[in-house]
Structure formats: structure tokens, C-alpha cells
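Please read the structure below before turning to the comments.
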Amino acid sequence: MNHPISVLVNLPVHAKISGPLTYYHPEPLQSGTLVRVPFGKSEVLGVVWSAQAEQIKLGVDQFDDETTHKETERILKPISSVIEGIQALDKKWLDLVAFASGYYQRSLGEMALQALPPQLRDLDANQITRRLKKNASQNKLFTTQSPSVKIADDGPIHPSPYYPPYPLTNEQLEAVQVIEGQSGPFLIFGNTGSGKTEVYMHCVQSTLLRDPNAQILVMVPEINLTPQLEQRFKSRFAHLAENYGTNSVVCMHSGMTPAQRLQAWLAAHSGQARIILGTRMSIFASLPFLKLIVVDEEHDPSYKQQEGARYSARDLAVYRAKQLDIKVILGSATPSLESWHHAQINQDSPQPSKYQLIGMPSRIGQASMPKVQIIDLNLQPRGTVFSIQLLDAIKLRVQRGEQVLVLLNRRGYAPVLHCQDCDWKSACLHCSAFRVFHKMDRTLRCHHCGVVERVPRHCPSCGNADISPLGKGTEQLEELLGLLLADVRQPNGQPLNIMRIDADSTRLKGTLNQQLAQVHSGEVNILVGTQMIAKGHDFRKITLVAALYPDTALFSSDFRAPERLFSLLLQAAGRAGRDANLTSGVTSEMWIQTQYPDHPLFDALRHYDYPQFANQQLLERAQANLPPFSFQALIRADAKTQSDAQLFLNTAAEQASIVINEIKSRRAHTNASWLEIVPTLYPAIPMTMQRIANIERSQMLIECNSRMMMQEFLKHWQAHLQELQPRFKGLIRWIVDVDPLTI
Ligand code: ADP
Ligand code: ZN
Ligand code: ZN
């Protein structure tokens with residue numbers, strides 16, 4: 001007898017049907033089972049949503065009736081195959097996906113299928129079976145027998161085969177105690193080098209001691225940071241590999257090959273992987289025995305997915321921990337203002353803070369944070385790139401064999417090429433941006449649409465041969481430093497070795513690691529780069545960090561720009577003075593050249609006073625009713641013309657008032673106070689980057705003081721918008737971004 005089965009498939013965005021599809025199968029299937037189903041002209045991967053189809057489109061719910069049965073088979077299609085050898089995804093995983101789909105306004109099927117590794121989607125059932133066999137022969141299989149790790153008698157914290165090579169500091173011990181003793185979520189506010197990672201490892205260890213089958217998810221923001229962390233965890237937890245095979249510690253990030261990703265996913269899903277280190281995507285890993293989540297550098301914007309389903313992996317981590325009743329540890333030297341706010345105790349409220357704050361102010365075995373030197377560019381000759389003071393300081397360092405890091409967040413040689421005669425500028429024809437001059441290969445490149453062209457010999461507009469670069473990029477800094485320091489020698493008498501690391505220098509796979517190795521070995525004297533080098537890397541010999549033009553962020557239209565700048569500068573400062581042996585007796589320095597030396601941000605930075613900065617920002621945000629005091633969503637429309645885009649958004653705004661009234665009348669009988677709080681819709685405006693690759697972009701901001709109301713509103717509005725869409729011919733796409741990070 002055939003059974004109706006509802007199945008999630010990866011439906012195209014904004015498809016008419018957004019729920020599961022119904023198929024039939026001779027046997028009932030457990031929800032979470034992976035299947036292949038016919039869809040359109042092809043066969044695709046599906047996830048069984050529920051064994052009993054929730055809504056059968058035929059209007060039948062009786063399945064033992066012979067005629068309906070026949071009728072069903074006539075209309076429904078059968079499931080093509082069931083993927084054998086992979087356990088069904090568990091209920092908690094399905095719940096996570098369902099929550100994310102609702103919260104971030106995407107279809108359930110899209111959310112679920114995107115959360116699975118690409119090969120699982122692309123391989124057919126036979127190929128997957130073969131892959132499973134291969135994996136099984138390569139690795140020790142996961143067994144549910146009790147593992148051979150001995151659980152220590154005297155408590156979970158102390159003895160173990162993987163005790164750290166040094167005793168924990170008092171700060172670390174206190175942090176561990178708080179985490180062990182309370183329920184969290186925890187926010188560790190600790191400088192770089194304060195020993196946070198050691199605390200994470202300690203908690204991982206005690207979790208595994210309590211339950212050898214436990215799984216721990218440790219998230220990091222950048223792929224580039226995973227190798228270091230992987231090495232650290234693998235060596236500390238080497239005994240895991242002895243007991244459970246090489247897949248006991250796995251990584252998950254987009255830099256892995258599809259085959260590696262599938263293997264890591266299977267290791268996690270089967271329970272074999274105990275420690276999972278990953279970037280934001282790993283939040284959706286199937287982890288049936290998940291017992292602890294760590295989100296390192298929790299403030300990092302890369303936790304927010306910027307395309308497709310725009311989820312925040314950090315926020316989902318907090319949700320997932322709550323859902324499973326497990327602990328989650330967020331860590332940062334500059335927590336996001338959202339998390340910082342959640343961790344503050346409100347004097348006027350009897351409620352405890354939402355997050356538990358754990359402070360770890362000291363840097364272990366490292367010199368104190370570098371001394372901040374601020375150069376007022378107003379007092380420098382016009383056009384100064386390196387002030388005399390900064391140049392002298394750099395010379396002094398490199399002559400002593402110390403390393404210097406110069407940070408400029410703009411790659412290429414110059415952001416614009418310019419003709420002084422007719423004022424022509426190297427605008428991109430397809431975007432509202434300038435093409436950047438790259439001197440190395442003499443190209444003009446648009447960093448938005450990717451168009452590359454050779455640099456013209458003459459001004460394309462007036463024929464003048466004298467076209468010149470305006471502004472500075474990393475490539476030019478590298479060149480300029482070479483000229484300015486041509487006479488300076490390393491202690492061994494050799495000329496200086498200046499290296500640039502940015503997206504251009506590292507385009508080829510493997511170059512970044514090569515370049516980093518050269519920095520670590522000490523071969524490089526001066527490192528010039530973008531924010532890519534400011535994060536995480538453990539450069540031991542850097543004693544001077546210089547940030548050249550940080551000012552644009554101070555007056556950005558994006559209210560989060562100062563927060564990001566502060567965090568970047570503090571991270572960059574954290575690159576200096578990491579080696580106490582090298583720097584004993586030597587103060588390391590952080591130089592900032594700015595036109596606004598008195599700005600409160602720099603004042604807070606001078607004392608490395610993140611709380612001062614954060615509290616001042618929170619005050620401003622409270623006054624302006626910005627997040628975390630309100631909730632935001634963005635609706636963005638891409639269209640052939642700006643007016644097409646705005647027309648759609650304006651019509652959407654009209655629909656919004658209808659939706660709000662509907663919600664009010666539907667709930668009129670309840671007296672929930674949040675119903676009074678309705679979303680505010682701002683006028684549709686062109687985005688700051690108005691045009692990319694000939695597509696006009698427009699956006700509308702929605703703000704609401706109640707998260708619940710916002711969710712309720714978005715859910716119903718979304719349905720209206722889907723109906724609206726076909727009426728707008730010029731519209732290319734529209735998306736909703738919930739809790740957007742950039743406005
Ligand atoms: P964070 O993650 O906060 O940057 P880490 O945990 O990486 O800090 O610690 C910084 C450095 O200090 C590392 O080299 C680490 O090995 C070392 N370290 C951490 N804890 C201790 C300790 N208790 N005693 C000695 N060294 C430590
Ligand atoms: Zn010209
Ligand atoms: Zn372009």
C-alpha cells in the first residue's frame with residue numbers, strides 16, 4: 001500500500017509553492033530520511049519532512065480508501081529512491097532548519113537543502129552508496145561501544161590525557177568555573193592573547209570527559225583562520241584520533257573540496273566527529289550529539305551570510321544551544337554591540353542579563369597592548385602618506401630586526417585614474433563606482449562587477465596623455481615604502497623585504513599560506529595589507545602596526561561603521577607585541593594617521609577601552625532607536641531601472657499597511673501589548689552602490705520595536721509580495737534581509 005510522504009526539495013527562491021511537496025512511497029518513511037525524488041524534468045535530493053503528508057493537495061486525508069489511493073497515485077509521483085546508509089536527520093535538525101526558514105523568510109526546502117553538503121545533493125543514490133563504502137574502508141567506523149577514554153574519578157576538569165601544557169591562569173580558571181557552573185549563554189570579553197582559546201579547549205575537554213560521545217561545534221569567522229585552530233585542536237586532542245579515527249576532529253568551510261565537505265558532514269552526522277571546526281555554514285551541520293557550541297570572534301560580520309538565505313550563524317548558534325539545552329560560548333575582544341548589550345546588567349530591571357559576561361582583560365605571556373600614537377594629518381603637509389614621525393618609527397623597528405605591519409583597507413594602486421585637463425575619471429560603465437588602477441598588470445579593474453580593461457594610454461575623453469592616479473591603494477604603499485626606505489638596511493645589512501598581502505596578491509590558491517610563512521619566518525620586514533592581515537594571525541615579531549586612512553568609517557551612513565572600525569583597529573593592534581620575549585623592554589606601537597584625532601573612537605582606542613566605546617555607541621543607538629534597541633529588516637529590489645526597483649518597493653509598502661491592519665484585526669481580541677508596536681517603513685531609496693553590473697538596486701528599511709511583531713509582519717507580507725512580483729516586468733529580483741548588518 002502506498003503512503004503519501006511530504007518531502008522538502010530545493011525550490012527556487014520565491015517559488016509559488018513554498019512548503020513541502022507530496023510524493024508517495026510503498027512504505028512509510030521516517031522524517032529526516034534522505035530521498036531522491038522527481039522534480040520537473042530532473043531528479044533531486046529531498047528530505048522527508050513528515051511521514052504523514054501534512055496537507056495533501058487532493059483534499060484527501062484518508063489513505064486506506066482504495067479509490068482515493070488510486071487517485072493519489074495518478075496525481076502524485078513516487079519517491080525515486082531512498083538513500084541507504086545515511087541515518088535520517090533528527091527532529092532537532094529539522095526544527096533548526098524550520099526556525100531559520102521562518103525567521104529569515106526563506107522557503108523551508110531551500111533552507112534545508114542548502115544546509116546539506118553539495119555532493120549530497122549532486123550525487124545519485126548509487127554514487128552516494130559507493131562513497132559511503134569508500135569512506136568506511138578509509139576510516140575506522142563509528143561505534144557506539146563505550147570508547148576507551150577513561151573518565152577521571154576526581155571530577156571532569158582536572159586530569160585527562162590532554163591536559164594543557166601549563167596551568168590555567170586565574171582568569172582562565174574563573175572563566176571555566178563560571179561556564180561549568182551556570183547555564184549561559186556566555187560572552188567572554190577578552191583581548192587577543194588573553195587565553196580564550198585555551199578556555200574553549202578546556203570546556204571542550206570537560207564536555208568530552210563527561211560524555212565521550214559528545215560533539216562540540218567551534219566556529220571561527222574566516223577560512224584562513226581554520227588551519228591554525230585545526231592544528232591546535234588536533235594536537236591537543238590527538239588521543240581522539242587514536243580512539244575514534246582521523247575524522248574525530250573535522251573542519252567545515254567553503255574552501256574544502258566537495259568530497260572533503262561530504263566526508264566531514266558524514267563524520268559529523270554519524271557522530272564520529274567529536275570536534276567540528278567551521279565557518280558560518282557549520283551551524284547547519286547535522287550533529288546528533290551536540291553538547292557545546294563556541295563562537296569565536298562572535299562580532300565578525302562574516303557570520304552573517306550575505307546572499308541567499310541571509311542567516312546569522314552567531315544568532316542561530318544561540319538559538320540552537322537553547323533548543324538543545326546546551327551551553328554556548330561567544331568570545332571576542334570587541335563583542336558586537338548586540339551581544340554587549342545582552343551582557344549588560346540593567347540597573348532598572350530585576351531581570352538578570354540575557355548573556356553572562358566573563359571578562360578576561362590580561363594578555364598571557366605577551367607584552368601589554370601597543371602604545372597608541374595618533375598623528376594629526378591636519379598638521380602634516382598636504383598629501384602626506386607617511387608622516388615623518390611614522391617613517392622614523394618604522395625605520396627604527398626594521399633596523400632592529402623587528403617587523404612592521406601597515407594596514408590600508410584599499411587594494412590596487414589607486415582607487416581612481418584621473419585626467420587633469422578634462423576631469424575624466426575611470427568610472428565603471430556598468431556600476432556606480434570607479435575602476436581601480438592596478439599598476440602591476442596595468443589594468444583598470446572594477447571591484448564590483450569584475451570588468452578588467454587595459455589602462456588607456458591617453459585620456460579616453462580628451463586625448464590628453466597625462467592621466468594620473470588619484471588616492472592610494474596597497475600596491476602604491478608597497479611601492480612608496482620601497483622608495484622611502486631604499487637606504488634602510490636590516491641588521492644583517494640586506495635591503496628591506498616589503499611584502500603585500502591582499503585579495504590580489506593571494507588570488508592563486510596556496511599563495512596566502514606561502515606569504516604568511518614568509519612573515520612568520522621573519523624574512524619579511526614590512527607587511528602591507530588590507531584587513532585580511534589584521535585578523536587572527538599570530539605574527540610574533542611585529543612590534544609596530546600603522547593604520548593609514550581609517551577616517552571614512554567615522555562618518556559613514558551605515559551606523560555600524562564605527563563599530564567595525566574600532567574592532568578592526570583593535571584586532572590590528574593585537575597583532576603587535578605578541579612575543580613577550582622579543583618585546584621585553586620594547587614597547588610596541590599602534591600608529592593611526594587621521595584628520596580627526598579628537599574623535600571619541602580614537603580616544604577610547606588610545607586606552608583600549610572597549611566598554612567606553614561600546615557604552616557610548618549604545619547610548620547613541622538608544623537615542624536613535626537603532627539596534628539592539630529596535631529590530632530591522634531590509635527589502636531590496638534589483639531591476640533594470642531605478643524607477644522599476646522603486647515602484648516595486650513602493651507598491652510593497654502599500655501592501656504593508658494592509659498587512660499591518662490585517663494583523664491588528666485578527667488579533668483584536670487578544671490584548672498582547674506587542675500588537676501596539678507596529679513596524680515603520682522608510683521610503684525606498686537607491687542603495688549606496690546604486691548600480692552593479694548594469695543592475696539598479698534600491699532598498700527600503702523596516703524597523704520595529706518588537707521582534708515578534710516584525711516576524712509576524714514579514715511572514716504575511718512575504719505572501720503578498722510573492723503575488724505582487726509577476727506584475728513588475730522590469731524587476732529582476734527582490735530579497736528580504738532580516739537583521740541586516742549593512743544598511
Ligand atoms: P586568545 O584565544 O584569547 O587569543 P590563546 O588561548 O590563543 O588566547 O592564548 C594566547 C597564547 O597564550 C597562546 O600562545 C597560548 O598557548 C598561551 N596560553 C594560553 N593559556 C596559557 C596559560 N594558562 N599559561 C601559559 N600560556 C598560555
Ligand atoms: Zn581628459
Ligand atoms: Zn563595474
Side-chain angles (χ1 to χ4, degrees), residues 163-176 187-205 218 220-221 225 228-229 231-233 235-236 294-298 329-335 358-367 369 412 415-436 443-453 456-468 470 535-540 570-571 573-575 577-581 689-697:
Y163 195 67
Y166 31 66
L168 293 189
T169 63
N170 283 341
E171 273 179 17
Q172 287 172 325
L173 278 175
E174 265 172 48
V176 167
L187 175 64
I188 303 187
F189 165 49
N191 232 318
T192 37
S194 62
K196 293 187 296 296
T197 310
E198 196 55 61
V199 171
Y200 306 152
M201 291 202 286
H202 215 83
C203 296
V204 168
Q205 163 192 308
V218 181
V220 285
L225 300 181
Q228 275 185 28
L229 197 73
Q231 219 177 19
R232 221 167 141 184
F233 271 83
S235 65
R236 179 65 60 82
V294 175
V295 186
D296 194 22
E297 311 286 4
E298 66 87 30
I329 309 171
L330 313 176
S332 174
T334 50
I358 301 175
M360 290 181 56
S362 324
R363 288 179 107 189
I364 296 176
Q366 305 195 13
M369 286 295 277
V416 190
L417 212 55
H418 175 231
C419 168
Q420 273 169 352
D421 274 9
C422 74
D423 211 27
W424 170 84
K425 291 198 180 84
S426 55
C428 177
L429 293 178
H430 315 287
C431 308
S432 40
F434 292 110
R435 287 169 302 164
V436 175
T443 53
L444 287 177
R445 292 170 181 271
C446 175
H447 289 182
H448 299 279
C449 70
V451 158
V452 183
E453 239 175 45
R457 290 178 180 277
H458 306 279
C459 168
S461 162
C462 75
N464 172 20
D466 194 21
I467 41 178
S468 51
L470 265 189
K535 289 183 187 175
H537 303 291
D538 194 10
F539 301 128
R540 309 300 298 186
L570 203 112
Q571 292 244 4
R575 299 310 108 215
R578 292 177 74 84
D579 193 335
N581 293 329
M689 269 299 300
Q690 181 178 335
R691 191 162 50 105
I692 292 185
N694 291 326
I695 292 175
E696 286 285 334
R697 297 139 42 97

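In listed order, ligands and their atoms are each counted from 1. Because the structure is a prediction, the values reported are computed rather than measured.
Looking at Arg232 against ligand 1, only its side chain comes within 4.0 Å, counting heavy atoms. With a 4.0 Å cut-off on non-hydrogen atoms, Gln172 touches ligand 1 through its side chain and not its backbone.
Taking backbone and side chain together, His430 holds no N, O or S atom under 2.8 Å from the Zn ion (ligand 3). At a threshold of 2.8 Å, the Zn ion (ligand 3) has a backbone or side-chain N, O or S atom of Cys446 nearer than that distance. Counting backbone and side-chain atoms alike, Cys431 contributes an N/O/S atom closer than 2.8 Å to the Zn ion (ligand 3).
Judged purely by atom type and a 3.5 angstrom limit, Glu198 has no side-chain atom pairing as donor or acceptor with the backbone of Gln172.
Taken to the nearest 0.5 Å, the CG atom of Leu429 stands 8.5 Å off from the CG atom of Asn694. For the atom pair Ser432 OG and Arg691 CZ, the distance stands at 6.0 Å (nearest 0.5 Å).
For the ligand labelled ligand 1, residue Gly331 lies outside the 4.0 Å heavy-atom shell. Residue Asp296 places every heavy atom at 4.0 Å or more from ligand 1.
The option with the heavy atom closest to atom 4 (O) of ligand 1, from among Gly195, Gly193, Ser194, Ser332, is Gly193.
Between the SG atom of Cys459 and the SG atom of Cys419, the angle centred on the Zn ion (ligand 2) amounts to 110° when rounded to 10°. Between Cys449 atom SG and Cys428 atom SG, the angle centred on the Zn ion (ligand 3) amounts to 110° (nearest 10°).
Of the N or O atoms in Ile364, none lie within a sub-3.5 Å distance of an N or O in ligand 1. Taking any N or O of Thr197, backbone or side chain, at least one lies under 3.5 Å from an N or O belonging to ligand 1.
Between Pro361 and Ser194, the closest side-chain pair of non-hydrogen atoms is not below 4.5 Å. Annotation: side chain of Arg232 is in contact with side chain of Thr197 (closest heavy-atom distance under 4.5 Å). In this structure the side chain of Pro335 reaches within 4.5 angstrom of the side chain of Glu298, judged on heavy atoms. Using a 4.5 Å heavy-atom cutoff, the side chains of Phe434 and Pro415 are not in contact. Counting heavy atoms from C-beta on, the side chains of Leu470 and Lys425 come closer than 4.5 Å.
Residue Thr192 has at least one heavy-atom neighbour below 4.0 Å for each of these atoms of ligand 1: 4 (O). Per-residue contacts place Pro167 under 4.0 angstrom from the following atoms of ligand 1 (heavy atoms of the residue considered): 22 (C), 23 (N), 24 (N). Residue Asn191 approaches ligand 1 through these ligand atoms, each under 4.0 Å from one of its heavy atoms: 3 (O). Atom numbering of ligand 1 starts at 1 in the shown order; those under 4.0 Å from a heavy atom of Thr169 are 23 (N). Numbered from 1 in the order shown, with element, the atoms of ligand 1 that lie under 4.0 Å from a heavy atom of Leu168 read 23 (N).
For Asp423 and His418, the side-chain atoms include at least one donor-acceptor pair closer than 3.5 Å.
The side chain to side chain contact (heavy atoms under 4.5 Å, CB included) with Leu444 is formed by just one residue from the set Val452, Leu417, Val451; it is Leu417.
Glu171 and Lys196 are not joined by a salt bridge, as no carboxylate oxygen comes within less than 4.0 angstrom of a charged side-chain nitrogen.
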